[in-house]
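Below: the structure, in structure tokens.
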4 protein chains.
Amino acid sequence: MEKREVHASVKDESLVNKRRNQMIKGAVTLFKQKGFHRTTTREIAKAAGFSIGTLYEYIRTKEDVLYLVCDSIYDQVRERLQKDLDTKQGTLESLKRGIANYFRVMDEMQDEVLVMYQEAKSLSKDALPYVLKKEIEMVGMFEDVINRCVENGELVLAKQQVQMIAHNIFVQGQMWGFRRWALQQIYSLEEYIELQTELLFKGITLNERG
Amino acid sequence: MEKREVHASVKDESLVNKRRNQMIKGAVTLFKQKGFHRTTTREIAKAAGFSIGTLYEYIRTKEDVLYLVCDSIYDQVRERLQKDLDTKQGTLESLKRGIANYFRVMDEMQDEVLVMYQEAKSLSKDALPYVLKKEIEMVGMFEDVINRCVENGELVLAKQQVQMIAHNIFVQGQMWGFRRWALQQIYSLEEYIELQTELLFKGITLNERG
Amino acid sequence: MEKREVHASVKDESLVNKRRNQMIKGAVTLFKQKGFHRTTTREIAKAAGFSIGTLYEYIRTKEDVLYLVCDSIYDQVRERLQKDLDTKQGTLESLKRGIANYFRVMDEMQDEVLVMYQEAKSLSKDALPYVLKKEIEMVGMFEDVINRCVENGELVLAKQQVQMIAHNIFVQGQMWGFRRWALQQIYSLEEYIELQTELLFKGITLNERG
Amino acid sequence: MEKREVHASVKDESLVNKRRNQMIKGAVTLFKQKGFHRTTTREIAKAAGFSIGTLYEYIRTKEDVLYLVCDSIYDQVRERLQKDLDTKQGTLESLKRGIANYFRVMDEMQDEVLVMYQEAKSLSKDALPYVLKKEIEMVGMFEDVINRCVENGELVLAKQQVQMIAHNIFVQGQMWGFRRWALQQIYSLEEYIELQTELLFKGITLNERG
DNA sequence: AATGAATGAGCGTTCATTCAT
DNA sequence: CATGAATGAACGCTCATTCAT
């Protein structure tokens, strides 16, 4: 189950990549504005800088564009996370920095992430597994970091707890973009990071014993 | 800004309610399967048990159906929450029970909630405020309960923290449905409730001091 | 070939007349504003002051309404002309007064006349003869008056000329309403009457010999 | 206020012209038979020899077809008039020949003219001015010719009279087509021309003094 | 490889007409 | 006699996709 292949009539692979990047860039802009369903293939072609005929030399169906877009966004997010998390040594401090970094990435890419999650449901049944796989991979990255803290003895957590925490962190990152109409009016990004980190680590009844 | 009125040609109000309930029921089923955009008005009419002409006696546009669906789901969720939360006296114990109850409601209504959140973005600009308002109301219900705990001295939290916690709880409830492909394979609902509650109250570094 | 009968389910003839007059009055107003095709039967019923169901107790199809409207307008026009022309003794002076009277009637009823002529073409093939018959009748009224002038020796005209003149007068009356966007900005009604009468009687080269 | 542009998706201008001519030809035939409102876009496309999708590559709305039809008919009529009237030197003889020519044009194009005048009222408020402008232009052509006769001293007429006469001539041309059910059963075209010309120039009471 | 004209299934919506009450 | 809820054929229009050039 490696990447799902999207068929292109054109053979020259570097041209295919070039054209698809044009296409994705145009499509993201459009999906951001009007969503996948309200965007026409003509608009995508135009935004990409070529004709509708050419568009169809590089994809087979409109849905392929959506898949390519989602795939590309995932890759960007993961790349930015990996760069940071890979070097983490498994200390609480590095976990905190990892979370902060993730939240910042989600802040910068909130439009893309929104697009991805709102439209991914329009992917056909056979594209879904590839998307879920990426999702699992990304949650897995947090799990790994947390697990290293457990191994190091910095944290004492059951496996189930580790997974739960990874999901929570992951969702709280998305939340920043999805609930921006509420959250971003109350908190700055840095306040959000600090508050969420504190709650995560200390919980709400710490003070009782503090 | 009370409820946005959806125009019906039919005058008999109880008939309007009856027909709209049929419509909403059918629409939810369809939206669940194929989403709002891929569902046709004819399918909605058929699922509701009447003709396309009759459908349009009770709404003005296809979007009205979506609004009616979202509105109805919100009302159901809120009603079930209110019944429980209203009687809370502001103790930690009652907050915990409130959270558990909310998670159970979200479990039972996960299909509806999924539909609502995935399709609400297709609402036109003038219906959106009404939906956001409900969202704020519901988060507000949790805020109130937490605030009562603060007033009672059971918790010591800043206003910003209260809001953050309310949002977190709210989102974790949705998460159960949205990420069911992952979460519901690892946890039972009761495990999920217990784990999330524990994490919320104790945080992940409690052990350090335990 | 007397009046074409429009079927009514209701038996009470005076009620039928009453309801149809309500209907015609409402319909003319609506047709004036939006034309026959853009007016719905529901609107007609509402303007008439009763329900759509009741409307259909007094007509069989929407086209019946149009026929009734045209018929009614013809009758009104003819009645007003007849009142005046019947008494004409066949003098040039009376012909002139007859023309002036006709133009004034066409001025007062210009909306109705416009509706009639613009929409009559929507009448089905079997209603057309009745309409043409009325048209012929009305032109015939002018023919009669002119013929009386010829009989009296006031005018010397061939039969073909008489018919031509009758048609010209008739059309010039309609013209006042149909070309109002041009004519009514240049002339007052009385100027129009005077100019047309003068041209009719004297022609444009009279002056050469005058 | 030059020609109102009708949007076409297709870029190739000569193709646009070709397709639109097909479209207009088909539409005139249909409008003649059943009027604008009773003609469907699919019928227009079919009559034009292409699919509904293609039709909409060359227009934006059904009304565009009507505008294109009216515009095209006007252009044809005007072109044929202009060819004749432009060379008129301002003599009575040339005015008579101009009228005769106009009546002959209206005879040949009576179907088109009928369509145009019966359906033009269905044009939206923003297309109407363009149509009225053409109407004024065409009446203006007769005014010019008559004015030249006045300047040459061949006729002695006030400005108001000139306008009236131009309108009368214009309407009598249309009359030949509109009232064909009556006129064309009494007169041949040439008789009609002769009779109308005579009446116009001599009036009905000339004989009294002749 | 690139183009863009052509296609037609399918959509949301309307509205004349019917008929049970 | 009057009502108005129900119907569904039919409409104007869109847009993903194809294919000749």
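Here is the naming used below: chain letters follow the sequence lines, and residue numbers restart at 1 for every chain. Only a predicted model underlies this, so the values are computations on that prediction, with no experimental measurement involved.
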Pairs in or reaching into residues 6-15 of chain C: which pass salt bridge (charged side-chain N to carboxylate O under 4.0 Å, His left out), with residues at least two apart or in two chains?
none
Any side-chain to backbone donor/acceptor pair from Glu63(B) onto Ser124(B)? Under 3.5 Å, distance only.
yes
Describe the nucleic acid contact of Asp12(C) in one word from base, sugar-phosphate, nothing, applying a heavy-atom distance below 4.0 Å.
sugar-phosphate
Using the six-membered ring wherever Trp is involved, compare the ring planes of His37(D) and His37(C) and label them parallel, tilted or perpendicular (cut-offs 30° and 60°).
parallel
Determine which bases of DNA chain E form Watson-Crick or G-U wobble pairs with both distances under 3.5 Å, and write the result as a 5' to 3' dot-bracket string with | for other-strand partners.
.||||||||||||||||||||
Look at Lys134(B) together with Asp75(B) and state whether they make a salt bridge at an N to O cut-off of under 4.0 Å.
yes
In whole angstrom, give the distance that lies between atom NZ of Lys11(A) and atom P of dA1(E).
7 Å
Results of side chain to side chain donor-acceptor pair (under 3.5 Å) for Ser72(A) - residues two or more places apart only:
Gln76(A)
NZ (Lys25(A)) with more than 12 external heavy atoms under 6.0 Å
no
Protein-nucleotides 13-15 of chain E N/O pairs closer than 3.5 Å?
from    : atom 1 : to       : atom 2 : distance (Å)
dT13(E) : OP2    : Tyr56(B) : OH     : 2.4
dT13(E) : OP2    : Lys62(B) : N      : 2.7
dT13(E) : O5'    : Tyr56(B) : OH     : 3.3
dT13(E) : O4     : Arg42(B) : NH1    : 3.4
dT13(E) : O4     : Arg42(B) : NH2    : 3.0

Atom NZ of Lys46(C) and atom P of dT3(F): how far apart are they, to the nearest Å?
14 Å
Main-chain N/O of Val115(B) paired to Gln118(B) side chain as donor or acceptor, under 3.5 Å:
no
Between Glu112(A) and Lys32(A) (salt bridge meaning N to carboxylate O under 4.0 Å), is one present in this structure?
yes
Is it the case that the side chain of Asp71(A) and the backbone of Tyr67(A) share a donor-acceptor pair, with hydrogens and angles ignored and the cut-off at 3.5 Å?
no
Choosing from dT7(F), dT7(E), dA6(F), which nucleotide comes nearest the side chain of Val10(B)?
dA6(F)
Judged by nearest nucleotide, the residue sitting upstream toward the 5' end of DNA chain E, Leu55(A) or Tyr58(D), is Leu55(A)
Selection: residues 13-36 of chain A, any non-hydrogen atom under 4.0 Å of DNA chain F:
none
Most 5' of Gly49(B) and Ser51(C) on DNA chain F, judged by nearest nucleotide:
Ser51(C)
Hey, does the Lys NZ or Arg CZ of Lys62(C) hover above the aromatic six-ring of Phe36(C), less than 6.0 Å from the centre and inside 45° of the axis?
yes
Who passes salt bridge (Lys or Arg N to Asp or Glu O under 4.0 Å) against Lys18(D), sequence neighbours left out?
none
